[in-house]
Amino acid sequence: MNTLFLGIVIFLIVLAVFDLVVGVSNDAVNFLNSAIGAKVARYRTVVTVAAIGVFAGAALSNGMMDVARHGIMTPAYFSFYDVMCVFLAVMVTDVVLLDVFNTLGMPTSTTVSLVFELLGGAFAIALIQISGGATTESGVLLTLGDLLNTEKAISVIFGIFLSVAIAFVLGTIVQWIARIVFTFTFRVNGRTTDQSGKMGGRLSSSLKIGIFGGLSVTAIVWFLLIKGLKGSTLMTPEVNEMINQNTWLIIGGGMAVFSVLMTLLSAMKLPVLKFVVLLGTFSLAMAFAGNDLVNFVGVPLTGLEAYQDYTANGNGDAQGFMMRSLMESAHTPAPYLIAAGVVMVLALIFSKKAQNVVKTSVDLSRQDEGDEMFGSSGVARTLVRTSRSIAGSLAIAVPPCVSRWIDSRFNADAAVLKPGAAFDEIRAAVNLVLAGALVALGTSLKLPLSTTYVTFMVAMGTSLADRAWGRESAVFRITGVLSVIGGWFITAGVAFILCFLVSVALFFGSFLAMAVAIALAIFLLVRSHLKYQKHTMEGEADKLFTKIVRCADKVECWILLREYLNQTIKAHVRMVTDDYETLTTAFFCENYRRLKHVTTDVDHQRKELKRQRRKQIIALRRLDPIVSVEKSTWYFLIVNSLSQMYYCLKRMVGNNFSPVPSEYANEFLVLRNEIMRLYLRSLDGETAFQIRNDATVLQSSLSNYRKRIIYDIQTRQLNIEAMTVFLSVVQESQELLSALRHLMRGEIKIEE
């Protein structure tokens, strides 16, 4: 039996490596989004700075395992078998849950998932013990209060609400003030300009940037002292006491010294804000590794210590040996921390999912219009209408001269962003400094603020203050923010319920259930990885849009847009052709599972077309107004034709009736193949006029065939239900040809 438990412990440690990779991929958004979004340096440089911070935080962490050991449950009342069931359930649930969120590109909280998984698993075992009449050594019946410590979970829930609300509001206020001071005309060389382009004085510009940089660096250093080094071996009780006794002296002295230093650097035309952003990236990465490391390795290492205690003192009684040793705090050996740091650094450098999660946060906060990852929702539309109504009412009370002056400070058209940047360095600095300050403040006040929640909501608040959420994009951005916030709360509920169920199954299923859980976790991870690779390959084909948005030459913009449209048209025509063949073949072969699969594909492709249409409309606005108006009519004809093709495919799918007689099926398949060849000819660059003419002839043939089917239904003993569905397939095939003709017409006109 000891060998079986050893196998489980080894699997927990192996799974911890996956958890480290998944956790870093998820939490990379905390410290990468600002530096990447502002393009303060090359991606490799930003990741290198973050990697150094991650490794330093991991190596200096004291690795306290109190949360996993006795933060949620009271291990003195849990047997070795009980805790192994809980730990295995937690690891299986945690890796799968976080991997799903990362694959979807949605940032979530490792702290919340871990706490609620432990709570769910411990709650399941506690209920089993109570129902079995478990007692203390003195014979008193145990209660939930004896077995569980719910205070940690309650504090996390409180921290969620506090993080979301305060971070968003303060992010909006601080960025609004920063933009009033600097406007969008700040230049990296330390000089500023007004709306007429007049350069500001070197002294005033340097002083302004110097004070801002001094405040920022002081806040970051304070964050490092309070949060980044809080759990490290360097933060001895004596050092901690010294910091607490000299708090205001450290802050005040730091502000004075760093403000002078940053002013001098700005006067020397050195990139002060670039330094601030990279320093903030380092500090958040270090704090993440130093404090959240327990989320990834705490459970496996606690399981290893429990196994060592059991083999030494348990006498083979797994269900009778109580884990009193876990009531004490423990420190993780340095080799484990260094190894964990290496894994985290490698994951940060090579993980594609980390880039995907960062992309979600950056896209929702970017300054200009672009690809909106999320659709619109009724709640978002209501919030936008209500907000605009309130803003309109408040604007009446503001004097017109003040309103005009404020608007002049928020002239985003004057902003000069670096190529590929989503926002400027002012906002990136505010994101990092404010997030660090809020987390440090929450830590000093013993409030469990989530780093993920704070950084994300600060970024959303600063983007709102910068008026990045325009009238047309606000609905999509708000929908995205609500989706992410909803995902955070779903994390807690799903983690609790799933781990509860898995723990119950493991407890009663013993080693068989444990083996199944291990196999299931491996299967889900492999499948998720394969599906993510496919999703990544599909997304890499659409890179022209970014070039169009960043293009300043309207003539070149039209050339790029035309190429982008051609790629889109060919991709969708090819998908329609494939789906049409698959659908009709599955219909005649009565492969209803395949029919359902095609229906799902068609819905997905139709939504993708709708998303691309939003992007292309944005691209049309980049053109010369005369060209844009001229081409818009034919562009919409093309898009509506593609949309009509998908609706034709969707309407073809019928119910499970009797098979269509082979004579009709064979004759139709000949016509279907002609339709497919016509679609494929349109992809080969053949003359659009010829394709339209051939489509007209083929439409006529289908029309005659449809009339003959109607006649046969009336005069022959045929299955009316089956032939009616077949007749619908023929009619929709005609509509496919009609849509192709309209598409060709739109292409002819748009190329003129």
Side-chain angles (χ1 to χ4, degrees), residues 541 544 558-585 598 602 605-606 608-609 612-613 616 619-620 623 627-652 664-709 727-752:
L544 275 174
W558 168 236
I559 296 174
L560 292 172
L561 177 56
R562 210 163 42 180
E563 182 183 351
Y564 181 56
L565 284 175
N566 288 335
Q567 288 187 5
T568 301
I569 293 170
K570 288 183 178 181
H572 284 286
V573 169
R574 188 174 288 108
M575 287 187 289
V576 167
T577 306
D578 293 341
D579 288 342
Y580 179 55
E581 180 182 19
T582 304
L583 188 149
T584 50
T585 302
V598 174
V602 169
Q605 291 157 10
R606 189 162 52 85
E608 178 66 16
L609 176 63
Q612 290 174 343
R613 183 180 63 185
Q616 289 159 359
L620 279 170
L623 305 180
V627 176
S628 179
V629 172
E630 178 186 350
K631 302 300 182 181
S632 291
T633 300
W634 308 115
Y635 163 74
F636 284 111
L637 177 62
I638 291 173
V639 173
N640 290 338
S641 299
L642 291 173
S643 180
Q644 184 61 30
M645 291 175 185
Y646 286 122
Y647 278 113
C648 289
L649 295 176
K650 193 172 178 61
R651 291 193 296 263
M652 281 186 190
Y664 294 99
N666 293 334
E667 189 172 353
F668 173 77
L669 289 175
V670 175
L671 294 171
R672 182 205 66 176
N673 293 339
E674 289 295 326
I675 295 173
M676 290 175 53
R677 274 194 288 271
L678 200 59
Y679 264 76
L680 293 175
R681 282 168 56 191
S682 70
L683 299 176
D684 295 333
E686 190 172 331
T687 306
F689 289 104
Q690 185 61 45
I691 293 175
R692 293 191 71 211
N693 293 335
D694 292 347
T696 302
V697 174
L698 193 51
Q699 269 187 295
S700 178
S701 300
L702 279 170
S703 178
N704 294 331
Y705 183 56
R706 181 177 60 85
K707 292 176 183 178
R708 186 163 67 81
I709 293 173
L727 188 62
S728 174
V729 173
V730 177
Q731 290 173 328
E732 296 303 333
S733 298
Q734 284 184 268
E735 292 300 321
L736 277 177
L737 289 170
S738 179
L740 180 62
R741 291 179 63 248
H742 289 306
L743 176 66
M744 292 295 101
R745 181 167 181 254
E747 284 198 6
I748 293 170
K749 292 293 185 180
I750 210 166
E751 292 292 339
E752 290 180 349

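Remember, it's a predicted structure, so these values are computed and weren't measured experimentally.
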Chemist: What I'd like to find out is whether the side chain of Leu623 reaches to under 4.5 Å of the side chain of Leu620, using heavy atoms alone.
Modeler: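 Side chain of Leu623 against side chain of Leu620, heavy atoms only: contact under 4.5 Å found.
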
Chemist: Decide yes or no on side chain to side chain donor-acceptor pair (under 3.5 Å) for Gln612 and His572, but give the supporting numbers first.
Modeler: CA-CA 11 Å; Gln612 290 174 343; His572 284 286; 2.7 Å; yes

Chemist: Using only atom types and a distance under 3.5 Å, with no angle test, would you say the side chain of Ser703 pairs donor to acceptor with the backbone of Gln699?
Modeler: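 Checked: no pair found.
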
Chemist: Specify the closest pair of heavy atoms between Leu702 and Gln734, including all atoms of both residues, with the distance to one decimal.
Modeler: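 Minimum heavy-atom separation between Leu702 and Gln734: CB-CG, 3.5 Å.
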
Chemist: Using the side-chain contact (heavy atoms from CB on, under 4.5 Å) rule, take Leu609 and Arg613 through it: C-alpha gap first, then chi angles, then the decisive distance, then the call.
Modeler: CA-CA 6 Å; Leu609 176 63; Arg613 183 180 63 185; 5.7 Å; no

Chemist: Taking all non-hydrogen atoms of both residues, which atom of Ala739 and which atom of Ser641 are closest, and how far apart?
Modeler: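 Taking Ala739 first and Ser641 second, the nearest heavy atoms are O-CB, 3.5 Å.
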
Chemist: Which atom names give the shortest non-hydrogen contact between Ser701 and Leu671, and what distance separates them?
Modeler: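 In terms of heavy atoms, the two residues are closest at CB-CD2, 4.3 Å.
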
Chemist: Of all the heavy-atom pairs spanning Val573 and Ser682, show the shortest one and how long it is.
Modeler: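 Minimum heavy-atom contact is CG1-OG, 3.7 Å.
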
Chemist: Within the 4.5 Å heavy-atom criterion, are Leu678 and Leu737 side-chain neighbours or not?
Modeler: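 With C-beta onward as the side chain, the pair touches.
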
Chemist: Should Lys631 and Leu561 count as side-chain neighbours, where that means a heavy-atom distance under 4.5 Å?
Modeler: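 With C-beta onward as the side chain, the pair stays apart.
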
Chemist: Do Arg745 and Trp634 have side chains that approach each other closer than 4.5 Å (heavy atoms only, starting at C-beta)?
Modeler: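 Yes, their side chains come closer than 4.5 Å.
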
Chemist: Measure the spacing between CG of Asp694 and CZ of Arg692 and express it to the nearest 0.5 Å.
Modeler: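 Spacing of CG (Asp694) from CZ (Arg692) equals 12.0 Å.
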
Chemist: Test side-chain contact (heavy atoms from CB on, under 4.5 Å) on Phe636 and Gln616; report intermediate values, then the result.
Modeler: CA-CA 10 Å; Phe636 284 111; Gln616 289 159 359; over 6 Å; no

Chemist: Roughly how far, to the nearest 0.5 Å, is CD of Gln644 from CG of Leu649?
Modeler: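 Answer for the CG-CD pair, Leu649 versus Gln644, is 10.0 Å.
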
Chemist: Side chains of Thr633 and Lys749: closer than 4.5 Å at any heavy-atom pair?
Modeler: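 Counting from C-beta outward, Thr633 and Lys749 never come under 4.5 Å.
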
Chemist: Given 3.5 Å as the limit, does a donor-acceptor pair link the side chain of Thr577 with the main chain of Met676, or not?
Modeler: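 Absent.
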
Chemist: I'd like to know if the side chain of Arg672 pairs up with that of Thr585 as donor and acceptor (distance under 3.5 Å, no hydrogens or angles considered).
Modeler: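 The answer is yes; a qualifying pair exists.
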
Chemist: Is the side chain of Tyr679 donor-acceptor paired with the backbone N or O of Leu736 at a distance under 3.5 Å, no angle test?
Modeler: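 Side chain of Tyr679 to backbone of Leu736: a pair is present.
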
Chemist: Under the 3.5 angstrom rule, does the side chain of Ser700 hit a backbone N or O of Thr696 as a donor-acceptor pair?
Modeler: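 Absent.
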
Chemist: Are any of the side-chain heavy atoms of Arg708 and Asn704 separated by less than 4.5 Å?
Modeler: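 Arg708 does not reach Asn704 side chain to side chain.
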
Chemist: Judged by atom type as modelled, is there a donor-acceptor pair below 3.5 Å linking the side chain of Tyr705 to the main-chain atoms of Tyr664?
Modeler: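 Flag set: sc Tyr705 to bb Tyr664 pair under 3.5 Å.
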
Chemist: How long is the gap from CE on Met652 to OH on Tyr580, to the nearest 0.5 Å?
Modeler: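 The OH atom of Tyr580 is 5.0 Å from CE of Met652, to the nearest 0.5 Å.
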
Chemist: What is the minimum heavy-atom distance between Ile675 and Ser733, and which atoms define it?
Modeler: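 For Ile675 and Ser733, the tightest heavy-atom pair comes out as CD1-CB, 3.8 Å.
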
Chemist: What distance separates Leu642 CG from Arg606 CZ, expressed to the nearest 0.5 Å?
Modeler: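 The CG atom of Leu642 sits 13.5 Å away from the CZ atom of Arg606.
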
Chemist: Closest heavy-atom contact between Leu565 and Ile750?
Modeler: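 Nearest heavy atoms, Leu565 then Ile750: CD1-CD1, 3.9 Å.
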
Chemist: I want to check something: taking the side chain as every heavy atom from C-beta on, are Arg681 and Gln690 in contact at a cut-off of under 4.5 Å?
Modeler: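 Of all side-chain heavy-atom pairs linking Gln690 with Arg681, at least one is under 4.5 Å.
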
Chemist: At what distance, to the nearest 0.5 angstrom, does CD1 of Ile569 lie from OH of Tyr564?
Modeler: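 These two atoms lie 11.5 Å from each other.
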
Chemist: Say you draw a straight line from CE of Met744 to CD1 of Ile638; how long is it, rounded to the nearest 0.5 Å?
Modeler: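 Answer rounded to 0.5 Å: 8.0 Å.
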
Chemist: So do the side chains of Tyr647 and Glu732 get within less than 4.5 Å of each other, counting heavy atoms only?
Modeler: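 No, their side chains stay 4.5 Å or more apart.
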
